[in-house]
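When a ligand or atom number is given, it counts from 1 through the structure's own listing order.
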Amino acid sequence: MEIIHTVAELRERLDGHRANGETVGFAPTMGALHHGHRSLMAAAAEHNDVGVMSIFVNPLQFAADEDLDTYPRMLEADTAMAESVGVRYAFVPSVNEMYPEENWTTVSLRVVTEPWEGDSRPTHFAGVATVVTKLFNIVGPCRAYFGEKDYQQLAMLRRMAADLNQPVDVIGMPTIREDDGLAMSSRNLRLLPEHRAQAHVVSAALRAGIAAIDAGERNPDAVESVIRAHLTEATHAEDPDYVAAVDASSLLVPEQLSGDVRVLTAVRFGDVRLIDNMGTTIAGEPNT
Ligand code: PAF
């Protein structure tokens, strides 16, 4: 595997592969990789001729009071994991390489970015959409892989690629979970032991919401109540920031659930905020 730091060098390598008719798969990350990221990189490498991953902690998607400076950086372990799943190129640019001049251009989306995570992080999604567009333009992948764990991000990027005719398939990969159901995240390590012991309640609550839908519940408020009731079992959890049953593409709450549906929540244990989501399809009742 080659570690590449400049846009020009990466383009030169990938132009060579494309000239030979080879397909390029891409897994963008911010490093501090865990098994969730590993599945994205493995898919990029296995389902394409050339697998590329990137590690870039993108300042544009952090607000002034967020953890940009303390965001974990562990380049050696990260690149070793990328290499172990067959990635050919790790693109690790500096901030100056990605933003040589003040950024005057922003990609931002309405609707799908507004509720849920957008409520507490109003500038975050435009920062993600902008850097992912830049990375798509630099890498030129046929397929790009993102985790379903950050479901709102995935829904936004799918819509962005469609709206802007970006020539890439945005592919969502299933959330990888710990044995007790907790969705993998680098934040899990920061949970206090007594909080970690209760954190499985988040996925159990969402599963209960999905079970209610699968059993015929079509009222999103009723599904929300089922999930909220389960979350109260975690006595260390604060009131959730949000709980919702939504349309899987728009992330809006419909009057009646139909077609592809997602249940979402964000719950704080101490100073660690956990987000999780799950999906189901209501067969025979396409989205209206
Ligand atoms: O999901 C992430 O790690 C980041 O938001 C991404 C997509 C790499 C953009 O910086």
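Using a 4.0 Å cut-off between heavy atoms, Leu135 makes no contact with ligand 1 at all.
Protein heavy atom nearest atom 3 (O) of ligand 1, with residue, atom name and distance: Met30 CG, 3.7 Å. The nearest heavy-atom contact from the protein to atom 9 (C) of ligand 1 is Gln61 OE1, 3.4 Å. Of the protein's non-hydrogen atoms, Gln153 NE2, 3.5 Å is the one closest to atom 7 (C) of ligand 1.
Heavy-atom contacts of Val131 reach the following atoms of ligand 1: 9 (C), 10 (O) (cutoff under 4.0 Å).
Under the rule for a side chain to side chain contact (heavy atoms under 4.5 Å, CB included), Ala162 has no partner lying at least two apart in sequence or in another chain. Asp169 is linked by a side chain to side chain contact (heavy atoms under 4.5 Å, CB included) to Arg143, Ile171, counting only residues two or more places apart in sequence or in another chain.
None of Val202, Thr232, Thr265, Leu274 except one satisfies the side-chain contact (heavy atoms from CB on, under 4.5 Å) rule with Pro240; the exception is Thr265.
The existence of a salt bridge linking Arg196 and Asp180 is confirmed by a sub-4.0 Å separation between a basic side-chain nitrogen and an acidic carboxylate oxygen. Between Arg11 and Asp15 there is no salt bridge, since none of the side-chain N atoms of the basic residue sits less than 4.0 Å from a carboxylate O of the acidic one.
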